[in-house]
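Here the structure comes first, spelled out in structure tokens, and everything after it is commentary.
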Amino acid sequence: MQQTRVSQGTDYYYRFIEKFPDISTLAAASEEEVMKVWQGLGYYTRARNLHHTAKTIINEYSGIFPSDYDEILKLKGIGPNTAAAVSSFAFKTNKPVMDGNVVRIVSRLFGVLHSVNSSVGRTIISNYVSQLMNQSSPDMFNQAIMDFGALCCTPSKPGCKHCPFNRVCYAYLHDRIEEFPVRKKKTEMKSRFFNYLDIRSQGFTYIKKRTNNDIWKNLYEYPLIETKSDMLLQDVIASDAWAILFNGIDTDVYGISSEYLHQLTHRRIKARFIRVVVNSQQAWIPVDYTRIKSEDIINYPVSGLMAKYIKEVVSA
DNA sequence: AATACGGGGGA
DNA sequence: TCCCCAGTATT
């Protein structure tokens, strides 16, 4: 799950393990298949890391998942939390998890004043959890403390009245529940402006995979002209990027969609889709793009934003 | 140490 | 509109 609610990921989980029931199946899959199953869930690096790690297990660990915490921690996409969870559940390793639930509970219980997203705050909380940890059944402890956070010590309106720790909880005893956990304020929201080109050329369209270290890495999309600001359509058409893409090919701008506002945690993407018809009869492939049947776009993993447009326009 | 990375659902 | 989620990798 990693920063995603279980309720949001459950359906994806079942679809994932149905398609890739074991490590060797996942390792043998194409990256595209893996991304397609992940489409819409977000944090796509997780999918690539799972795929990558499956191959690592097959190739470097003889297909046997390591049982040692430090060895598990080396695997790509597995950090301290996942390593602690996996090693404690699967191998009874004595490592405490520190997910959002645990952080919240400890923060309230002891009134941790340092921000929980600072390294100092994490260290303080980690020390508390290590002390609390039931050494004889670390798996039970980890599952219990996470569930306790999810069911009782919840982010909003925690069940303090019936909480078994309300006689020792710093936040509750001082009537300062709202103040914990302390968090530094989130990064500022930034806007980006995407102009996607829904190109129609004799039943074909053009797509490209995003490969930069950027949002939606390894997902597919239409030709994109990103602008620094909210530009007029005519200015986009007059831009260098447009000229380079079409390279003198005869086109008509058939229409422009309304603005698609894609609101993410730290990004506000204002997107619009420009329908362009290519008049040329000759097969034309702009540099770096792939030419596919327009309706085949549904077979490619795409972002939530692209999927929305496709559903509304292409599949309609 | 700070920042990037998605999307959904509750308040 | 804001918060926050079974966090990790990169800068």
Side-chain angles (χ1 to χ4, degrees), chain A residues 1-13 16 35 37-50 52-53 72-90 95-105 107-108 114-123 125-126 129 139 141-151 153-158 178-192 194 210-219 221 260-269 271 301-308:
Chain A
M1 300 287 79
Q2 291 185 190
Q3 208 63 185
T4 300
R5 291 173 195 279
V6 173
S7 58
Q8 187 187 351
T10 302
D11 291 346
Y12 281 87
Y13 170 75
F16 196 93
M35 298 307 287
V37 176
W38 209 270
Q39 175 180 315
L41 188 57
Y43 280 180
Y44 298 94
T45 297
R46 296 179 296 185
R48 275 186 299 118
N49 286 341
L50 268 174
H52 179 272
T53 291
I72 293 173
L73 188 56
K74 288 181 189 167
L75 300 171
K76 206 160 201 174
I78 297 189
N81 284 311
T82 308
V86 169
S87 66
S88 70
F89 293 147
K95 293 283 181 183
V97 294
M98 277 240 301
D99 75 333
N101 291 306
V102 177
V103 167
R104 189 171 58 252
I105 293 167
S107 164
R108 287 172 175 164
H114 282 86
S115 162
V116 298
N117 39 9
S118 71
S119 59
V120 175
R122 305 294 291 199
T123 303
I125 291 172
S126 171
V129 182
D139 53 336
F141 174 86
N142 282 336
Q143 187 63 63
I145 193 169
M146 285 193 288
D147 283 347
F148 183 73
L151 297 172
C153 198
T154 48
S156 66
K157 290 195 265 183
E178 300 299 321
E179 299 177 39
F180 297 98
V182 177
R183 280 181 213 275
K184 276 188 287 191
K185 66 174 188 292
K186 61 179 165 54
T187 55
E188 185 191 354
M189 176 78 65
K190 292 176 190 160
S191 293
R192 295 178 72 173
F194 285 5
R210 290 182 72 91
T211 53
N212 292 341
N213 277 327
D214 194 2
I215 189 174
W216 300 328
K217 183 172 180 179
N218 287 25
L219 297 186
E221 65 185 4
Y260 283 67
L261 183 62
H262 200 64
Q263 185 77 50
L264 302 173
T265 304
H266 46 287
R267 285 285 179 275
R268 188 195 316 276
I269 295 172
V302 299
S303 68
L305 170 60
M306 282 280 298
K308 189 178 173 195

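In this text, all values refer to a predicted model and were calculated from it rather than measured experimentally. Below, read A as the first sequence line, B as the second, and so on, with proteins coming before strands; counting in each chain starts at 1.
Using a 4.0 Å heavy-atom criterion, one finds that Ser7(A) contacts no nucleic acid atom at all. Note on Gln143(A): a base of the nucleic acid sits closer than 4.0 angstrom, heavy atoms only. Note on Arg104(A): only backbone sugar-phosphate atoms sit closer than 4.0 angstrom, heavy atoms only; bases stay farther off. Using a 4.0 Å heavy-atom criterion, one finds that Lys157(A) contacts no nucleic acid atom at all.
Using P as the reference atom, dA11(B) and dA6(C) are 14 Å apart when rounded to the nearest Å. Nucleotides dG6(B) and dT11(C) are separated by 14 Å at their P atoms, to the nearest Å. Rounded to whole Å, the P atom of dG9(B) lies 24 Å from the corresponding atom of dT8(C).
Put simply, CZ on Phe180(A) is 19 Å from C1' on dC4(C), counting in whole angstrom units. When rounded to the nearest whole Å, the span between CZ of Arg122(A) and C1' of dA2(B) equals 14 Å. The distance between atom NZ of Lys184(A) and atom P of dC4(C), rounded to the nearest whole Å, is 15 Å. When rounded to the nearest whole Å, the span between NZ of Lys76(A) and P of dA9(C) equals 8 Å. To the nearest angstrom, P of dA9(C) lies 9 Å from CD1 of Ile78(A).
Nucleotide dG6(B) forms no Watson-Crick or G-U wobble pair with any nucleotide shown, as no partner meets the under 3.5 Å limit on both distances.
In this structure a side-chain-to-backbone donor-acceptor pair under 3.5 Å is present from Tyr12(A) to Gln39(A). At least one donor-acceptor pair under 3.5 Å links the side chain of Asn81(A) to the backbone N or O of Met98(A). Looking at Arg210(A), its side chain does come within 3.5 Å of a backbone N or O of Ile215(A) through a donor-acceptor pair. At distances below 3.5 Å, not a single donor-acceptor pair connects side-chain atoms of Thr154(A) with backbone N or O atoms of Leu151(A). Distance alone, capped at 3.5 Å, places no donor-acceptor pair between the Asn49(A) side chain and the Leu75(A) backbone.
Among the nucleotides dT10(C), dA6(C), dG7(C), the one closest to the side chain of Asn101(A) is dA6(C).
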Contact list (N/O, under 3.5 angstrom) for nucleotides 3-7 of chain B vs protein:
residue : atom : partner   : partner atom : Å
dA4(B)  : OP1  : Lys190(A) : NZ           : 3.2
dC5(B)  : OP1  : Asp214(A) : OD1          : 3.0
dC5(B)  : OP1  : Ile215(A) : N            : 3.1
dC5(B)  : N3   : Tyr43(A)  : OH           : 3.1
dG6(B)  : OP1  : Tyr43(A)  : N            : 3.2
dG6(B)  : OP1  : Tyr44(A)  : N            : 2.9
dG6(B)  : OP2  : Trp216(A) : N            : 2.5
dG6(B)  : O4'  : Tyr43(A)  : N            : 3.1
dG6(B)  : N7   : Thr265(A) : OG1          : 3.4
dG6(B)  : O6   : Tyr43(A)  : OH           : 3.0
dG6(B)  : N1   : Gln3(A)   : O            : 3.2
dG6(B)  : N2   : Thr4(A)   : OG1          : 2.5
dG7(B)  : OP1  : Tyr44(A)  : OH           : 2.9
dG7(B)  : OP1  : Gly304(A) : N            : 2.9
dG7(B)  : OP2  : Trp216(A) : NE1          : 3.2
dG7(B)  : OP2  : His262(A) : NE2          : 2.6
dG7(B)  : N7   : Thr265(A) : OG1          : 3.3
dG7(B)  : O6   : Thr265(A) : OG1          : 2.4
dG7(B)  : N2   : Gln8(A)   : OE1          : 2.8

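Side chain to side chain, Ser119(A) and Arg122(A) fail the donor-acceptor criterion of an N or O pair below 3.5 Å.
Both Ser156(A) and Ser119(A) lie near DNA chain B, and the one whose nearest nucleotide falls closer to the 5' end is Ser119(A). Positionally, the nearest nucleotide of DNA chain C for Arg268(A) lies more toward the 5' end than for the other of Arg268(A) and Leu75(A).
No side-chain heavy atom of Tyr43(A) sits under 4.5 Å from any side-chain heavy atom of Gln2(A).
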